[in-house]
Amino acid sequence: MVSNLGDWRRTHDCNALRASDIGKKVTLMGWVQRRRDHGGVIFVDLRDREGLTQIVMSPELNKAVHEKAENLRSEFVIAIKGEVAARPEGSLNEKLPTGEVEVNVEELKILNTSIVPPFMLDEYSNVSEDVRLKYRYLDLRRPELKSNLIMRHQITKTMREFLYSKGFIDVETPFLTKSTPEGARDYLVPSRVNPGKCYALPQSPQMFKQLLMIAGFERYFQIVRCFRDEDLRADRQPEFTQLDIEMSFIDSKDLMGIMEELFITIFDQVLGVKLEKGFPTMSYDEAMEKYGHDAPDTRFELYLKTINETVKGCGFKVFNEAVEKNGCVKALNAIGAGKAFSRKDIDDLTDFVVSLGAGGLAYIKVNEDGLQSPIVKFLGEDVAAAVVKEMDAKPGDIIFFGAGDKYTVNLYMSKLRLKLGAMLGLIDRDKHSFVWVLDFPLLEWDADGKRWAAMHHPFTSPLDEDVALFDTDPGKMRAKAYDLVLNGSEIGGGSIRIHRSDVQEKMFATLGLTEEEKAYKFGFFIDALKYGTPPHGGIAFGVDRVATILTKSTSIRDVIAFPKTQKATCLMSDAPSFIDDKQLKELYMKFEVAENK
RNA sequence: GGGGGCGUAGUUCAGUUGGUUAGAACGCUGGCCUGUCACGCCAGAGGUCGAGGGUUCGAGCCCCUUCGUCCCCGCCA
């Protein structure tokens, strides 16, 4: 039944033929998407990468071809020769670009058969993700993943072309590199020729790209895989792709300007969307105050507000304690929620914030005839009225409150804000809201380790006017750092780097690194800084996250050809796997866990 | 490390208070069908109810343990 390809070659793809091609003799190849057998005439939707074309096999035209076509099943690979014909009146298919025509098959080759696929490869069937992941090569045949990966390709193609045109040079950096135990956990690779030693896979090429600036490349980029051994999320994979960029002789504004141009170009070329020049900026402090998060979703206007002053000394113990213990009370006016939300909605929202660490969810519902709330009797009428006024709440609104330590309040109130935005229909899925977040603190206090930690990374430069604070008040220092946020997702971040070795030494000293640690981890880098390092800075974008947003996907896995599960396994290849003793022995390795079952 | 959802036919799901032989749709197989396009009609096959243990006269359903997957917290310089 199966034939060789022989000298047959395609003349067209399956998305090429139009009414203007009627009468042409063509050769098409592809997969059987679906067979419709009418006893007499048989229709097959032939699929290749580009699209679908209906081919027709009828006993009148060629009896042998028709008989062979009765054997066709889903996902058989076939080649046909035939003539392009107009479809009979009334049988045009407006859903297909090729829907005006069909191909009357004169010769049919079955190039390969297929066993029955475990799920239907159409756009209609919902299939659970674990099944899709096990048969990823089949899932990739379906329209959704196929178009996602094609769009991802268009994104990286545009990135490359734009950066080439701006004089950026594509340089590769090592995957087998040195472990730097700061930051995320490293993936380690044991070295056979250096017993007992390991390489680490890079969490990012941070030091290498700075070394390329020291080396004088001036403008560097790389679309590069990075590895972090941390727990996964819907937007996090253990290996992910960055667009990594570094430039010399520039300051923040120069770099941000070029990156805006890059995204304007991507949106134009990939989506056909024209973006305005001059992305808005916001300070870290403003983002935390109004959105409770350093990656604000600016597509909709619901804002958090700290109301410590208004509720200070009120009769509600939860609020009072938050204020007194240097925490905060934050309010959020859900405009119009009064009508939209049932009691159960509010209960569900309460469960939601409690699961994120809240003690409960206080609220005041503003009705025409007064305030409805379990907490007004504690707050007091005056304070309640003041809060309503401060939040500019009108009848039909509900004010929600969070109280406690700042970190927890921001965590759940920011998530509540997003949930309310969705429930109230405030989020326009077609909107693309960029914002630069600036003026990050340089350092944050690590309460466990009782030391300062770099918020971004230890090579980030402080603002020029803040450098003196290293000796007096490190917590007050602001960084020359910038994050680019799109629709509430941090798609990239970077900074102007420290290019003077004396400042870098100060940074390491503030982070509490001993001389030995410094020399062991960063010695080569500190040396390099002494050889005429130009002022430089850079940024890295999460290519997977950008692709997730542009394809309107809900998970990063939907824009990665072969992703890992939440436990960092591959359901298709079954990686990671046990290693046999011989291989381990060569690496001088022994595991202290149960061996192969 | 912690919290939550899900797990029943190839797939997506239903399965009442614990009670006879576990159902539906799609897919699959066979038959019929000459203008369909998620074709239609008829018939049929298809089950380790994730796994293990327990309670019970009796478990898909209750209890315990465990595995897988998804979402979240911690973690992610």
Side-chain angles (χ1 to χ4, degrees), chain A residues 33-46 52-61 66 70 73-74 85 87-96 98-99 102 104 115-135 138 180-186 203-204 206-207 226-238 240 351-358 407-408 411-412 415 419 442-444 446 448-449 452-460 479 481 490 493 495 507 511 513 521-522 542 554-555 557 564-567 569 571 597:
Chain A
Q33 174 73 18
R34 206 177 285 277
R35 182 185 61 128
R36 291 179 294 279
D37 184 347
H38 288 251
V41 66
I42 295 173
F43 299 98
V44 165
D45 292 331
L46 188 64
L52 292 174
T53 298
Q54 174 166 285
I55 61 174
V56 186
M57 281 128 316
S58 76
E60 285 96 48
L61 193 68
H66 179 261
E70 285 173 351
R73 295 291 182 274
S74 290
R87 293 199 186 192
E89 208 170 322
S91 65
L92 274 58
N93 186 343
E94 287 171 10
K95 282 186 256 173
L96 290 182
T98 60
E102 59 195 11
N104 287 317
I115 60 174
V116 177
F119 51 89
M120 279 194 285
L121 306 186
D122 58 24
E123 69 229 76
Y124 306 103
S125 30
N126 281 324
V127 184
S128 61
E129 199 175 1
D130 48 346
V131 177
R132 291 170 47 207
L133 285 170
K134 182 170 178 191
Y135 300 96
L138 296 179
T180 51
E182 275 80 25
R185 227 170 271 119
D186 286 320
Q203 299 176 22
S204 89
Q206 183 59 38
M207 276 187 279
C226 302
F227 306 86
R228 293 181 192 175
D229 185 7
E230 296 294 346
D231 289 339
L232 278 59
R233 289 285 189 284
D235 62 351
R236 258 197 252 159
Q237 282 274 301
F240 60 99
D351 291 345
F352 175 69
V353 294
V354 166
S355 77
L356 293 166
Y407 178 87
T408 309
L411 172 70
Y412 66 79
K415 301 247 182 194
K419 205 171 182 85
L442 185 70
L443 302 164
E444 56 191 347
D446 174 359
D448 290 340
W452 291 106
M455 188 149 180
H456 196 53
H457 57 55
F459 314 110
T460 300
E490 184 204 321
S495 61
M507 182 67 166
L511 295 175
L513 266 72
K521 292 173 185 168
F522 303 114
T554 49
S555 160
R557 294 183 298 278
K564 305 260 187 306
T565 67
Q566 196 160 47
K567 279 190 72 185
T569 65
L571 294 180
K597 289 166 202 150

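Lettering follows sequence order; numbering is per chain, from 1.
Nucleotide B:A9 forms a pair with no other nucleotide shown, judged by Watson-Crick or G-U wobble geometry with both contacts under 3.5 Å. B:U29 is paired with B:A43 under the criterion used here, namely a Watson-Crick or G-U wobble arrangement in which both key atom distances are under 3.5 Å.
Counting only heavy atoms from C-beta on, A:Ser74 has its side chain closest to B:C28 among B:C28, B:U36, B:U69. Among the nucleotides B:G35, B:U69, B:U36, the one closest to the side chain of A:Arg36 is B:U36.
Partners of A:Arg36 by side-chain hydrogen bond (donor to acceptor under 3.5 Å, both in side chains), not counting sequence neighbours, listed by chain and number: A:Asp45, A:Gln54. A search for salt bridge (Lys or Arg N to Asp or Glu O under 4.0 Å) contacts involving A:Lys415 returns nothing, not counting sequence neighbours. With sequence neighbours left out, the side-chain hydrogen bond (donor to acceptor under 3.5 Å, both in side chains) criterion links A:Ser495 to A:Thr460, A:Arg497. A:Arg228 pairs by the side chain to side chain contact (heavy atoms under 4.5 Å, CB included) definition with A:Ala184, A:Gln203, A:Ser204, A:Phe240, A:Gln242, not counting sequence neighbours. Residues forming a ring pair (Phe, Tyr, Trp, His ring centres under 6.0 Å) with A:Phe522 (at least two apart in sequence, or on another chain): A:Phe459, A:Phe508. Residues passing the side chain to side chain contact (heavy atoms under 4.5 Å, CB included) test with A:Pro118 are A:Tyr135, A:Leu138, sequence neighbours excluded. Take A:Gln33 and apply the side-chain hydrogen bond (donor to acceptor under 3.5 Å, both in side chains) test, not counting sequence neighbours, and it matches A:Arg47. Remark: A:Glu70 pairs with A:Asp37, A:Ile42, A:His66 by the side chain to side chain contact (heavy atoms under 4.5 Å, CB included) rule, at least two apart or across chains. For A:Met455, the side chain to side chain contact (heavy atoms under 4.5 Å, CB included) partners at least two apart in sequence or on another chain are A:Tyr284, A:Phe440, A:Pro441, A:Glu444.
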Between protein and nucleic acid, restricted to nucleotides 41-45 of chain B and to nitrogen or oxygen atoms under 3.5 Å apart, what atom pairs and distances do you find?
none

Contact list (N/O, under 3.5 angstrom) for nucleotides 6-11 of chain B vs protein:
unit_1 : atom_1 : unit_2   : atom_2 : d
B:G10  : O2'    : A:Pro118 : O      : 2.6
B:U11  : O4'    : A:Pro118 : O      : 3.4

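In this structure, A:Asp351 places its CG atom 14 Å from C1' of B:G5, rounding to the nearest Å. Between the CG atom of A:Asn93 and the C1' atom of B:C37 there is a distance of 6 Å, given to the nearest Å. In this entry the distance linking CZ of A:Phe43 with P of B:C37 reads 9 Å, nearest Å. Spacing between atom OH of A:Tyr135 and atom P of B:U69 amounts to 15 Å, rounded to whole angstrom units. Atom CD1 in A:Ile42 sits roughly 14 Å away from atom C1' in B:C32 (whole-Å rounding). What separates CG of A:Asp45 from P of B:G35 is a distance of 17 Å, to the nearest Å. At whole-Å resolution of the value, NZ in A:Lys134 and C1' in B:U69 are 14 Å apart. Between the CZ atom of A:Arg35 and the C1' atom of B:U29 there is a distance of 11 Å, rounded to whole Å.
A distance of about 42 Å separates the P atoms of B:G19 and B:A38, rounded to the whole Å. Of the P atoms belonging to B:C49 and B:U11, the separation is 15 Å, rounded to the nearest Å. Comparing B:C32 with B:C70, their C1' atoms sit 45 Å apart, to the nearest whole Å. Taking the C1' atom of each, B:G3 and B:A45 are spaced 44 Å apart, rounded to whole Å. For B:C13 and B:G52, the P atoms lie 24 Å apart once the distance is rounded to whole Å. Spacing between B:C39 and B:C26 at atom C1', rounded to whole Å, works out to 15 Å. Between B:A22 and B:A9, the distance separating the two C1' atoms is 10 Å to the nearest Å.
Nearest-nucleotide positions on RNA chain B place A:Val116 closer to the 5' end than the other of A:Gly40 and A:Val116. Toward the 5' end of RNA chain B, the nearer of the two residues A:Arg34 and A:Asp130, judged by each one's closest nucleotide, is A:Arg34.
In this structure, the side chain of A:Gln237 does not engage the main chain of A:Leu232 through any donor-acceptor pair within 3.5 Å. Side chain of A:Thr98 to backbone of A:Leu52: a donor-acceptor contact under 3.5 angstrom is found.
Using a 4.5 Å heavy-atom threshold, the side chains of A:Thr53 and A:Leu96 count as separate.
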**Contact pattern, 5' to 3', of nucleotides 72-77 of chain B - B, S or - by protein heavy atom under 4.0 Å** = SBBBBB
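No donor-acceptor contact under 3.5 Å links the side chain of A:Glu89 to the base of B:G35.
Ring-to-base geometry does not place A:His38 in a stacked arrangement with B:C33 (centre distance under 5.5 Å, plane angle under 30° required).
By the 6.0 Å contact criterion, NZ on A:Lys564 is enclosed, its count of non-hydrogen atoms from other residues, nucleotides or ligands being greater than 12.
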